[in-house]
Amino acid sequence: MGSASADGQLDAIVIGWGKGGKTLAGTLARAGQRVALIEQSTQMHGGTCINIGCVPTKALIHDAESRDGAGYDQQAFQAAVQRRGKLTAMMRAKNFSMLDDLESVLLVNGKAAFTGPRSVRVTAGSDELELSAAKTIINTGALPAVPDIQGAQIGGRVHDSTTIQHAQLPKTLAVVGGGYVGIEFASMFAQFGSKVTVLDRGSRALSKEDPDVAREVQSCLEDAGAVITSSASVRSISQDEHGATVSYERQGRMHQLKADAVLIALGRVPNTAGLGLEAAGVRTGTRGEVVVDEFLATNVQGIYALGDANGGPQFTYVSLDDHRVVASVLLGDGTRSTKRRVAVPYTIFTTPPLARVGLSEEQAEQQGLQVRIAVKKVSQIAAMPRPKIVGDPRGIIKFVVDARSEKILGAALMHVDSQEVVNLVALAMRQRMTAAALRDQIFTHPSSTEALNEVLAQLG
Ligand SMILES: Cc1cc2nc3c(=O)[nH]c(=O)nc-3n(C[C@H](O)[C@H](O)[C@H](O)COP(=O)(O)OP(=O)(O)OC[C@H]3O[C@@H](n4cnc5c(N)ncnc54)[C@H](O)[C@@H]3O)c2cc1C
């Protein structure tokens with residue numbers, strides 16, 4: 001089950017091949033420590049991101065976008081699936097060799113569970129391996145939430161975000177849940193020519209975004225052939241050889257939506273069941289998350305939790321930053337902590353993408369802050385030719401600025417390249433730049449970044 005010898009003393013055990021865990025395993029090994037990295041599936045070497053999450057979905061989205069409005073085409077989808085498969089296989093192999101090449105890393109294939117605070121049992125079929133170390137790092141990720149809805153169990157025409165990536169292209173798709181995973185899949189399948197309906201409980205589409213920003217995203221989804229039905233509470237799902245039927249309640253009335261396939265996208269919950277945390281005495285929270293402090297330490301000395309398993313924001317780069325925090329505790333001066341994180345951005349990969357950082361206008365107002373707003377539709381920004389050059393001048397750019405300090409409180413960027421520009425805005429926020437200072441920077445041309453010169457000029 002292991003790809004190196006299990007003999008000898010281990011310094012650390014990492015459970016799960018997530019972003020933070022694999023990076024920490026490498027860092028500890030390069031610092032001379034003996035580390036065991038345990039992964040339950042050979043198809044998950046490298047973790048969620050490269051195998052079933054960020055990378056494969058963005059590869060499919062890229063290919064969907066390049067179809068430029070062409071209609072339903074099963075073959076085009078299968079070609080994209082094949083390219084995606086090659087890419088993830090290559091990255092999986094690379095991830096494996098990056099750690100396998102390190103002398104002091106022991107790679108173990110199997111499912112791990114604590115048997116005590118310092119001991120872990122790994123099971124693979126009838127094989128068992130007992131490991132112990134003074135330090136254990138939990139990096140077991142998250143799993144799709146299973147809703148208490150009749151007929152919503154994954155199988156047949158009912159999918160989660162993993163199985164839908166391996167299904168046939170549906171002519172009609174019902175997406176249950178309008179969070180970022182649901183919206184990304186809706187946008188992607190619509191561009192492959194599926195007719196998509198998103199059913200969302202929220203009182204309006206993308207209710208975490210300001211209404212003007214949400215409207216822009218919704219309009220781009222509609223351009224592609226996806227509609228969002230809000231205030232829709234799904235009650236049951238049924239399926240037979242002809243199709244699936246989703247029954248939902250909206251404004252006191254029951255409705256039925258028929259589709260070839262249903263995607264359940266109702267969030268992801270920390271994957272900690274079956275980890276034997278009770279045997280180790282590790283405390284968990286109401287969603288099953290491992291409870292950690294700002295240094296990602298659990299209540300049991302020597303046990304840490306990284307990534308989705310600790311209940312923090314579910315992003316690969318947060319898991320990566322979690323590794324920096326624990327590396328600082330184990331190898332450095334121990335000063336890095338999650339409390340020092342400011343302006344952590346995110347992107348929803350619609351077409352064009354929506355990237356966000358900091359507060360929305362609504363959130364700022366709820367906090368009682370006096371704000372000034374700079375907002376422009378991309379089509380109205382004269383000094384931003386890049387979207388026109390690449391043929392997609394849709395979207396909106398909005399800045400929320402503190403009226404007194406002139407500091408940037410947040411931004412919503414929906415336009416081509418926004419997944420890149422948001423990192424610059426986040427950096428400006430971390431450096432506590434004023435909106436005017438960001439406005440007056442020199443940016444390359446033609447780029448999407450240069451829009452900041454013009455949009456922020458609205459504030460004077
Ligand atoms: C469809 C989708 C799209 C996404 N898109 C993005 C995106 O664009 N950008 C972004 O930043 N994030 C995205 N995410 C979220 C991102 O993938 C996760 O936040 C990130 O991968 C979490 O990494 P992690 O370090 O917590 O662990 P993971 O990468 O989830 O790894 C956990 C590993 O632990 C293994 N494991 C679990 N239990 C055990 C056990 N008992 N024994 C041994 N091994 C075990 C699992 O098999 C898994 O390989 C997406 C997620 C999904 C589902």
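One-based numbering, in listed order, for ligands and for the atoms of each. Please read these numbers as outputs of a predicted model, since none were measured by experiment.
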**Report entry** Note: Asp308-Lys19 ion pair, threshold 4.0 Å (strictly below)
**Finding:** no
Query raised in the report: Is there a nitrogen or oxygen of Ala112 sitting under 3.5 Å from a nitrogen or oxygen of ligand 1?
Result: yes
Requested in this report: Output yes when the distance from some N or O of ligand 1 to some N or O of Gly46 is under 3.5 Å, and no in every other case.
Outcome: no
Report task. Run the salt-bridge test on Asp321 and Arg336 with the 4.0 Å N-O cut-off and return the result as yes or no. Result -> yes
Requested in this report: May I ask you to say whether Glu362 pairs ionically with Lys208, meaning some side-chain N is under 4.0 Å from a carboxylate O?
Outcome: no
Query raised in the report: Could a heavy atom of Tyr346 be found less than 4.0 Å from some atom of ligand 1?
Result: no
Report task. Could you tell me whether Asp11 and Lys135 have a side-chain N and a carboxylate O separated by less than 4.0 Å? Result -> no
**Report entry** Nearest option to atom 44 (N) of ligand 1, as decided by whichever heavy atom of Lys58, His45, Lys111, Gln40 sits closest
**Finding:** Gln40
Query - ligand 1 contacted by Glu184 (non-hydrogen, < 4.0 Å) - result: no
**Report entry** Pair Arg394 + Glu216, salt bridge at N-O below 4.0 Å
**Finding:** no
Report task. Decide whether the shortest distance between a heavy atom of Ala113 and an atom of ligand 1 is less than 4.0 Å. Result -> no
**Report entry** Side-chain touch Thr245/Gln239, heavy atoms, less than 4.5 angstrom
**Finding:** no
Requested in this report: Dump the intermediate steps for ring pair (Phe, Tyr, Trp, His ring centres under 6.0 Å) on Phe77 and Phe189, then the final yes or no.
Outcome: CA-CA 9 Å; Phe77 181 64; Phe189 276 108; 5.6 Å; yes
**Report entry** Nitrogen or oxygen atoms of Asn139 and ligand 1 under 3.5 Å apart
**Finding:** yes
Query raised in the report: ligand 1 versus Tyr180, non-hydrogen atoms closer than 4.0 Å: side chain, backbone, both, neither?
Result: side chain
Query raised in the report: Taking non-hydrogen atoms only, is Phe315 closer than 4.0 angstrom to ligand 1 via side chain, backbone, both or neither?
Result: both
Query - Minimum-distance protein heavy atom relative to atom 20 (C) of ligand 1 - result: Thr316 OG1, 3.7 Å
Query raised in the report: Can you tell if the side chain of Met429 reaches within under 4.5 Å of the side chain of Val357, non-hydrogen atoms only?
Result: yes
Report task. Please determine if Thr57 has a nitrogen or oxygen closer than 3.5 Å to a nitrogen or oxygen of ligand 1. Result -> no
Query raised in the report: If we only count N/O pairs under 3.5 Å, is Ser161 in contact with ligand 1?
Result: no
**Report entry** Options Pro353, Gly276, Pro144, Cys54, ranked by nearest heavy atom to atom 13 (C) of ligand 1, top entry
**Finding:** Cys54
Query raised in the report: Among protein heavy atoms, which lies nearest atom 52 (C) of ligand 1, and at what distance?
Result: Gly53 CA, 3.7 Å
Query raised in the report: Can you check whether Thr298 reaches Val291 side chain to side chain, under 4.5 Å on heavy atoms?
Result: no
Query - Nearest candidate to atom 33 (C) of ligand 1, where distance is taken over non-hydrogen atoms, out of Met44, Glu39, Gln165 - result: Glu39
